[in-house]
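All remarks here apply to the structure that follows.
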Amino acid sequence: MKVSRRKFIQGSACASLLYSLPSKANLLNYNPNTNQFVFQILVPDGMDVTLSLDPLTHAKFNTDQADVFIEYRPDQIFGNGKLLLGPACEALRPYLNEIAVVNGIVMRRDTGHEALLSYIASGSGSAALPYIAVESNHILQEPTLGVLIAGSVKMGQRLATLTQIENLKQLGTGNNQVSYLNPFYNNVSNLLSTEIQNLVDFNFRKSELASEIDKVKSLLNSDYEEIPVIIGSFLKGMSKTAVLDISRLENMELELDTHSNHESEHLSSQMAVWNFIAHVFDCFKKIEYNKGSLFDNTTFIVMSEFSRTPFLNGARGKDHNVYTNSVLLAGGRVQGGKSVGESKMLKRSQRPDGIAIHIGKPFDFSLGQSVNTNGENVNLIYPENLAKSFRGLYNQSENFYPQLTGIKEIKGLFKS
């Protein structure tokens, strides 16, 4: 079979796109019947959790707008008794019993957006630890594409393959670049070295991935190209983990860092965030997988670097609040329909500096609940506690964040 120079160059370019990837040995270990996936979604700029994952009312704390500015009515808060969500999360109403929220996470001190986003995503503000999805990738025996990413991630000391989702978008829309080589390769594969076989095999897997992405696109009505790429890669066993920085989405325009003009502007941006999250859940629900849906076999983590101060500043905005934060979990392995951890309001009259503060409450890690007293197992919830708690997803839990020795886990987040 004669192959034109142009097609040979196309095939070579396809091969070199991810030339540093591991051999196909990892692909041979892929078992779709026991597979699980982790999808970590980052929302930069700091979400006001009072509008979404940790709604407040004036009556609960006997306070007023000067202590905590609330732009919604109490009847706009919805839930099931164990989990309450604010109006920004209205799109998540159908998933109320399949999601869990960790509230009252304390970010220690304001070290800036990037450092604190890394802290909540990994459990370390110094970049010493990898993001939760990267650590999960290590435990799940990294497949060919490793961690799918949109943006940048911290890897700590883990050696992980990172594949930009942007580079995989070209594989869809029928762009099957290497299928014409199939007859040629089948005839000569035994004559090629192992290294060349692995390289060519990877290109054939990319060809299969292109077809899978096209199939997923035909099933979903999504304005976001990233979602079919992630789903297709999961289905083909070419990745088990993904990290998506929501600010990288072409169709997402957000104004969350509202140091001024917070009212309505922040709420509308947060609603866009949670509408997107609900859309992701809907897409994963539509894909059949392992006697259920892909949603059932995926653990989703949605997080931002901090909340906003409870009161409006002089520019009618809300500033950075590192004293509380909230994270949403979803998926088949999550103990859904509940929140863990709490926050509280300290009013102006309760503070020596006369500034109201919204802060996480102490948490009893032995009881798995927030408390008002001190004790042996009582402390604040920090990002490292959250990160360590993801050990509950894996049988090889002793190998998950081994650096976090002595860090207490939040019990009951995941099904056994």
Side-chain angles (χ1 to χ4, degrees), residues 22 25-42 95 97-100 102 121-123 130-149 153 155 158 160-163 165 205 209 212 216 226-244 277 280-303 327-337 386-402 409-416:
N26 285 320
L27 295 176
L28 300 178
N29 294 328
Y30 169 66
N31 184 348
N33 296 318
T34 59
N35 204 20
Q36 58 181 304
F37 309 98
V38 174
F39 190 177
Q40 189 169 10
I41 302 175
L42 308 180
Y95 291 95
N97 293 318
E98 297 177 276
I99 61 178
V102 182
S122 68
Y131 281 10
I132 294 169
V134 176
E135 186 72 5
S136 297
N137 175 72
H138 171 77
I139 294 295
L140 294 172
Q141 297 181 337
E142 176 181 87
T144 300
L145 297 179
V147 186
L148 303 179
I149 64 172
V153 302
M155 293 196 297
R158 294 299 189 197
T161 300
L162 304 177
T163 301
I165 296 170
R205 290 303 304 270
L209 177 58
E212 192 70 42
V216 172
E226 291 82 358
I227 304 308
V229 168
I230 293 170
I231 289 176
S233 299
F234 283 2
L235 293 176
K236 296 304 295 183
M238 297 188 75
S239 181
K240 299 179 183 179
T241 56
V243 180
L244 175 63
I277 299 302
V280 171
F281 293 169
D282 291 344
C283 290
F284 275 68
K285 279 275 189 177
K286 291 176 181 177
I287 304 300
E288 294 182 2
Y289 186 86
N290 194 21
K291 298 181 180 180
S293 71
L294 192 59
F295 177 91
D296 300 326
N297 290 271
T298 303
T299 299
F300 301 87
I301 319 162
V302 185
M303 46 183 40
V327 168
L328 180 137
L329 308 175
R333 293 290 304 279
V334 172
Q335 295 278 12
L386 176 70
K388 190 66 176 285
S389 301
F390 279 85
R391 291 198 331 159
L393 283 174
Y394 307 109
N395 294 328
Q396 312 97 316
S397 59
E398 68 279 358
N399 297 322
F400 192 81
Y401 283 128
E409 301 173 36
I410 305 168
K411 298 179 179 179
L413 293 181
F414 304 106
K415 301 172 185 176
S416 58

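Quantities reported herein were computed from a predicted structural model and do not represent experimental measurements. Start at 1 with the first residue, then count along the sequence.
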Ser136: side chain to side chain contact (heavy atoms under 4.5 Å, CB included) partners, not counting sequence neighbours: Val38, Ile132, Thr241, Tyr394, Phe400

So, Arg333 side chain and Leu393 main chain: donor-acceptor pair closer than 3.5 Å or not? yes

CD1 of Ile277 to CD1 of Ile41, rounded to nearest 0.5 Å, is 4.0 Å

Do you know the tightest heavy-atom contact between Leu145 and Ser233? CD1-OG, 3.9 Å

Residues forming a side chain to side chain contact (heavy atoms under 4.5 Å, CB included) with Asp296, sequence neighbours excluded: Lys285, Ser293

Steps toward ring-ring contact (aromatic ring centres under 6.0 Å, His included) verdict (Tyr289, Phe37): CA-CA 12 Å; Tyr289 186 86; Phe37 309 98; 5.5 Å; yes

Under the ring-ring contact (aromatic ring centres under 6.0 Å, His included) rule, collect the residues that match up with Tyr401, sequence neighbours excluded. none

To the nearest 0.5 Å, how far apart are CD1 in Ile301 and CG in Leu329? 7.0 Å

Tell me whether the rings of Phe281 and Phe295 are parallel (<30°), tilted (30 to 60°) or perpendicular (>60°). perpendicular

Met155 and Leu162 have their tightest heavy-atom pair at SD-CD1, 3.6 Å

Nearest heavy-atom neighbours spanning Ala121 and Leu42: CB-CD2, 4.1 Å

Under 3.5 Å, is there a donor-acceptor pair between the side chain of Ser389 and the main chain of Ile410? yes

Hey, are the side chains of Val147 and Thr163 touching, using non-hydrogen atoms and a 4.5 Å cut-off? no

Between Val327 and Met303, the two heavy atoms sitting closest are CG2-CB, 3.8 Å

Excluding sequence neighbours, so at least two apart, what forms ring-ring contact (aromatic ring centres under 6.0 Å, His included) with Phe414? Phe390

Between Tyr131 and Asn137, a side-chain donor and acceptor under 3.5 Å: no

Glu288 meets the side chain to side chain contact (heavy atoms under 4.5 Å, CB included) criterion, sequence neighbours left out, with none

Check side chain to side chain contact (heavy atoms under 4.5 Å, CB included) between Glu226 and all other residues, then give those that pass, not counting sequence neighbours. Ile165, Lys169, Tyr224, Leu244, Leu249

Classify the angle between the aromatic ring planes of Phe39 and Phe234 as parallel (below 30°), tilted (30 to 60°) or perpendicular (above 60°). perpendicular

Decide yes or no on side-chain contact (heavy atoms from CB on, under 4.5 Å) for Ile227 and Val280, but give the supporting numbers first. CA-CA 7 Å; Ile227 304 308; Val280 171; 3.8 Å; yes

Calculate, to the nearest 0.5 Å, the distance between atoms NZ and OG1 belonging to Lys240 and Thr298 respectively. 12.5 Å

Taking all heavy atoms of Ser239 and all of Leu148, pick out the closest pair and write down the distance. OG-CG, 3.5 Å

Minimal heavy-atom distance between Ala387 and Ser122, with the atoms involved, is CB-O, 3.7 Å

Partner set under side-chain hydrogen bond (donor to acceptor under 3.5 Å, both in side chains) for Gln40, not counting sequence neighbours: none

With sequence neighbours excluded, tell me which residues meet side-chain hydrogen bond (donor to acceptor under 3.5 Å, both in side chains) with Lys411. none

side-chain contact (heavy atoms from CB on, under 4.5 Å), that's the test. Do Ile139 and Asn399 meet it? Break it down for me. CA-CA 7 Å; Ile139 294 295; Asn399 297 322; 3.7 Å; yes

Please enumerate all residues that pass salt bridge (Lys or Arg N to Asp or Glu O under 4.0 Å) together with Lys286, with sequence neighbours excluded. none

Which residues pass the side-chain hydrogen bond (donor to acceptor under 3.5 Å, both in side chains) test with Glu212, sequence neighbours left out? none

